[in-house]
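All remarks here apply to the structure that follows.
Here is how names work: the chains are called A, B, and so on, in the same order as the sequence lines, proteins then strands, and each is numbered from 1. Please read these numbers as outputs of a predicted model, since none were measured by experiment.
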Amino acid sequence: MPTACTDYAFNQIEPHWQKFWEDHHTFRAETGGARPKYYVLDMFPYPSGAGLHIGHPEGYTATDIVARYKRAQGFNVLHPIGWDAFGLPAEQHAVKTGTHPAANTAANIVNFKRQIKALGFSYDWDREVSTTDPAYFKWTQWIFLQLFRRGLAYVDERPVWWCPELRTVLANEEVVDGKSEVGGFPVERRNLRQWVLRITAYAERLLADLKEVNWPDSTKRMQEAWIGRSEGAEVLFGLETPVSGPLKIFTTRPDTLFGCTYMVLAPEHPLVDVLTTPPQRDAVAAYRKTTAGKSDLERTELAKEKSGVFTGAYALNPVNGGRVPIWVADYVVMGYGTGAIMAVPAHDGRDFEFATRFALPVVRVIDGPDPLPHTGDGRLINSPGYDGLPWAEAKAKITAELAARGAGRATVNYKLRDWLFSRQRYWGEPFPIVWVGEADYHRAAAARPDLPASPVTYRQDGVAHFALPLPESALPLTLPEVSSYLPSGDGESPLANVTPWLEIWFNFATGEHLPASQPRPAGDRWVRGRRETNTMPQWAGSCWYYLRFLDPTNDQALVSPEALRYWGVPDLYVGGAEHAVLHLLYARFWHKVLFDLGVVPQTEPFTRLFHQGIILGEDGEKMSKSRGNVVSPDTLIASHGTDTLRLYLMFLGPLEAMKPWSMQQIEGVHRFLHKVWRECVAADGTVNPKISPTAAEPAALTKLLHETIRKVGDDIEGLRFNTAISAMMIFANTLQKAPVVSRASMLAFLQLLAPFAPHLAEELWARLGEAPSIQRAAWPRFDPARLVAAEDKIVVQVNGRRRGEIMVPVGAGQEEVLALALQNESSAPHVAGKSFKRIIFVPGKILNIVVE
RNA sequence: GCCCUCGUGGCGGAAUGGUAGACGCUGGAGACUUAAAAUCUCCUGACUGCAAGGUCAUGCGGGUUCGAGUCCCGCCGGGGGCACCA
């Protein structure tokens, strides 16, 4: 049933059809069946207190159009939405107000849901998930246990931002110009025990499998650069005074070994203390102290000029026994390679700069005409035994000979670092880990087949702590209530203050637990334990949500094999380019782990990826609260309706482009929808009398309809919504000039419009007497026979310049077209009296006459 | 510094190597109206010409081609990513 309004009252029409869809579960996706499946996914939002931003509906409208189009094409479409609801803002709000982050999060979700529903997206709300729901994060924790068991999770001391004034750990984004964002207090780097995931073990596969996905090239390249594979060699340099074993360095240029004139250790390198000679100790200690105070960022930003200090020690070059001084400098970082390098100033820009500053010798070993440093290719010189060899050959040969002598080997290094996976926060998934003593761990190990091959441990104040996982049957581990969301004050999360939750008697077989203040229960399976107080980062929940949508209420598995087999992975994934590296890399990592576990059958989670561009404010600047140029969907829905908003978002420009918002231009698409309304509905609200079930419409209109069907379909497939809308506008303009239109043509046109402006399309569909929903009607087909023109327009060029155009019969050959062109009054004068040099003829398109 | 992208009317943008500026906005003229709004029609890159037309024009400079916004080389500018990774 349509509404009763006589003019285009979008504020009645839109809620009416939204209610219809909801009442009829129009968009529910049933798992299984004979229809082919199509899974189209948005990056689910963080439900912030600010509500929906105009950038959200841009990507969401795009996927909604695809979802509705695919349904009409006969696909069983899965189009879900959920909430990435753990995170810092809710926690900060809780600290400020004392309300539980869950309450705040729930309120934000209600608001987001209201806004998203008002946009009329065809989500299957029966599959809504939230990462903060224990029924969801049970499986986030379960995945962590699998990582743990496979030795892919470990603990390590890692530096974090620490603010002594606030007595808390800060995230990178909470530190602005070396001060805390809140209060502007100084911050420092401090080592804390952290959970780390061994993503580096998957570096090679994460790199190699990029070849298999349909992603923007720029995104693939960013991931490649982030993984940063480089081939080279590890080389051992013996010490002149062997106070320790040899120094191991990594180099990509073993061919330049003869040009090594000094070595550099990172300030944090463990051998610095061992090999520094007594006279140099004070200088080295002072240098290490100044660099330790700097963050990685400061080290790169402030160290415009190279700095360093000599250790007093010498190493011996394994290829020629040369004596090379060992320096300490912060241009070498501990986290990459071995934290030690051989310096070849002649062929490395950084080494050259350092050598110049400290007057160290420079020896050229690669020949070439250009001045030093020469980092390009060439043949070797000054390298006895290798002179004259091309560098690539020398690389292989020297590496092989070092390996034969046990002084080195070919290796591959990655820039990718292991993933710091813990936060000292309340509002995140708790780790299902209990720390126990060594003896208790070994007793538990006998009863637990699910422990890693080597235990995860750390030492504090001389005591070893062993990580014992909760049994899977004890999941989920939920967050306890806390009296304060403020951190503990010593770098631990607020969970460290909840003693009854934290300090427990733990049954290692069943996962049962009791506060440690109570007496130890009977039985030999109860051990004293302390829970992990870190929580997981926001990435955790978003790493696998696309799998949960397949089977959102399953409490036996994170997703059933049947659902996985039927739905597979998303066929299209749309989201911002800001997630090009981290989210997409982390999710790929987890997916590969799940593949190795046999949980998922594919090696990659996202086969086709697309990034929507950013919408700027009307001033051309990035939208932000402080600039006051933020556009909210709510006000636009009220003033113009959501169909207009959706259409306009898509009409702004190419989906992937960055484009400014404009209030003036929205009137254009609004007029277009009004025009469509008028073509269907007369002033009194009845069907426009020009629509006829029997009378013939102009042939040109029929032809244009078929062209439009083809164009809109092609453009939706290619996510070119702006040109699809343009094609529909052209049709509407022609329609408006036609005295009669067949009812069938009008219905077909409404179907084309339906994915873009679904509410208006439903309304007009119903008014023309069709049964709702238009979403269930089969997508119109274009008839290629209708697209054939009677005549072709040929552009006549002379020497490549347009000189006229002629109409010729379809299929006309060159001779025929040339003859016509020579008679044509506008083009003929340009060739008169000239001799033809060449004729280029493109059938149906162009005739180019080249004259002297 | 390195890597990647994008530069087209007054504006957003369109153009498988084949009529540059589709579609929309803005602006102008007209129709309808007592009037206005809405709607409809025509015009709207620059220069030149009475006109037909001509010339120039896709950031700048070269090149390939019968023909270049599109391909190649070198610059300039905007945006993004990485950043002492040996």
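- The nearest whole Å value for the distance from the CZ atom in A/R417 to the P atom in B/A83 is 9 Å.
- Donor-acceptor pairing under 3.5 Å, judged by distance alone, is present between the side chain of A/K306 and the base of B/C84.
- No side-chain heavy atom of A/L257 sits less than 4.5 Å from a side-chain heavy atom of A/T251.
- B/G7 and B/U70 have their P atoms separated by 11 Å, with the value rounded to a whole Å.
- Formation of a donor-acceptor pair under 3.5 Å by the A/T338 side chain with backbone atoms of A/K248 is found in this model.
- Nucleotide B/U65 forms a pair with no other nucleotide shown, judged by Watson-Crick or G-U wobble geometry with both contacts under 3.5 Å.
- Under 4.0 angstrom from either OP1 or OP2 of B/U41 there lies at least one side-chain N or O belonging to A/K737.
- Its glycosidic angle being within 90° of 0, B/G9 falls on the syn side.
- Distance from the side chain of A/K845 is smallest for B/U16 among the nucleotides B/U19, B/U16, B/C66.
- For an aromatic pair to be called close, the ring centres must be under 6.0 Å apart, and A/Y262 with A/F354 satisfies this.
- With hydrogens and angles left out, the side-chain atoms of A/D418 and A/T200 include a donor and acceptor closer than 3.5 Å.
- The backbone N or O of A/T686 sits less than 3.5 Å from a side-chain atom of A/D684, completing a donor-acceptor pair.
- Spacing of C1' atoms, B/C72 relative to B/G27, comes out at 41 Å, to the nearest Å.
- Among the atoms of the strands shown, base atoms are found under 4.0 Å from some heavy atom of A/N848.
- B/U33 sits 23 Å from B/G28 when the P atoms are compared, rounded to a whole Å.
- In this structure B/U34 sits in no base pair that meets the Watson-Crick or G-U test at under 3.5 Å.
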Exercise for review: Check step by step if side chain to side chain donor-acceptor pair (under 3.5 Å) holds for A/H640 and A/E667.
Suggested key: CA-CA 9 Å; A/H640 292 78; A/E667 299 298 342; 3.1 Å; yes
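- Between B/U34 and B/A52, the distance separating the two P atoms is 38 Å to the nearest Å.
- A/I846 places its CD1 atom 12 Å from the C1' atom of B/A20, with the value rounded to the nearest Å.
- Residue contacts shown for A/V850 are limited to sugar-phosphate atoms, with no base heavy atom under 4.0 Å away.
- Remark: B/C56 base-pairs with B/G45. Criterion, Watson-Crick or G-U wobble with two distances under 3.5 Å.
- Searching all strands for a Watson-Crick or G-U wobble partner of B/G7 with both distances below 3.5 Å returns B/C76.
- Although no hydrogens or angles enter the test, the distance criterion places a donor-acceptor pair under 3.5 Å between the side chain of A/E618 and the main chain of A/M663.
- Counting non-hydrogen atoms under 4.0 angstrom, A/I840 reaches a base of the nucleic acid.
- The side-chain contact (heavy atoms from CB on, under 4.5 Å) test with A/F250 singles out one residue from A/I341, A/T411, A/V412, A/V235, and that residue is A/T411.
- The aromatic rings of A/Y648 and A/W661 stand perpendicular to each other, their planes meeting at an angle above 60°, with 30° marking the opposite boundary.
- One finds no side-chain N or O of A/H347 lying less than 4.0 angstrom from the OP1 or OP2 phosphate oxygen of B/A86.
- Nucleotides of RNA chain B nearest to A/S218 and A/R801 differ in position, and the one nearer the 5' end is that of A/S218.
- Taking atom P on both nucleotides, B/C43 is separated from B/G53 by 15 Å, rounded to a whole Å.
- Considering only the side chain of A/R803, B/U55 comes nearest among B/U19, B/C66, B/U55.
- Residues A/V332 and A/H269 fail the side-chain proximity criterion, which asks for heavy atoms closer than 4.5 Å.
- Counting only heavy atoms from C-beta on, A/R802 has its side chain closest to B/A20 among B/A20, B/G18, B/G13.
- Separating the CG atom of A/D7 from the P atom of B/U39 is a distance of 13 Å, rounded to the nearest angstrom.
- Atom-to-atom, NE2 of A/H670 to P of B/A37 comes out at 17 Å; the value is rounded to the nearest Å.
- Taking A/A396 as the reference, nothing meets the side-chain contact (heavy atoms from CB on, under 4.5 Å) condition, with sequence neighbours excluded.
- Put simply, NZ on A/K793 is 16 Å from P on B/G18, counting in whole angstrom units.
- Separating the CD atom of A/E578 from the P atom of B/C4 is a distance of 22 Å, rounded to the nearest angstrom.
- OP1 or OP2 of B/C40 sits under 4.0 Å from a side-chain N or O of A/Q736.
- Within the 4.0 Å cut-off from OP1 or OP2 of B/C3, not a single side-chain nitrogen or oxygen of A/R221 is found.
- Each of A/Y414 and A/R838 has a nearest nucleotide on RNA chain B; the 5'-most of these lies closest to A/R838.
- Counting only heavy atoms from C-beta on, A/P660 has its side chain closest to B/G13 among B/A86, B/U39, B/G13.
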Pull out every protein N or O sitting under 3.5 Å from an N or O of nucleotides 76-81 of chain B, one pair per line with the distance.
none

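- Nucleotide B/U16 has no partner under the Watson-Crick or G-U criteria, as no pair reaches both atom distances under 3.5 Å.
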Close N or O pairs between protein and nucleotides 21-31 of chain B (under 3.5 Å):
unit_1	atom_1	unit_2	atom_2	d
B/A22	N3	A/S726	OG	3.4
B/C23	O4'	A/S726	OG	3.1
B/G24	OP1	A/N733	ND2	3.0
B/G24	N2	A/Q665	OE1	2.3
B/G24	N3	A/Q665	OE1	3.2
B/C25	OP1	A/R671	NH1	2.7

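- Of the P atoms belonging to B/G17 and B/C32, the separation is 49 Å, rounded to the nearest Å.
- With C1' as the reference atom, B/G49 and B/A31 are 31 Å apart, rounded to whole Å.
- Within the shown strands, nothing qualifies as a pairing partner of B/U70 under the Watson-Crick or G-U definition with both distances less than 3.5 Å.
- Between A/E268 atom CD and B/C84 atom C1' there is a gap of 13 Å when expressed in whole angstrom units.
- We find that CZ of A/F250 is positioned 8 Å from C1' of B/A86, with the value rounded to whole Å.
- Side-chain N or O atoms of A/R417 include one that pairs as donor or acceptor with a backbone N or O of A/K415 at under 3.5 Å.
- A salt bridge links A/K703 and A/E707; the closest N-O separation between the charged side-chain nitrogens and carboxylate oxygens is under 4.0 Å.
- Rounded to a whole angstrom, the distance from the P atom of B/G13 to that of B/C6 is 13 Å.
- Side-chain atoms of A/P654 lie closest to B/G13 of the nucleotides B/U19, B/G13, B/C4.
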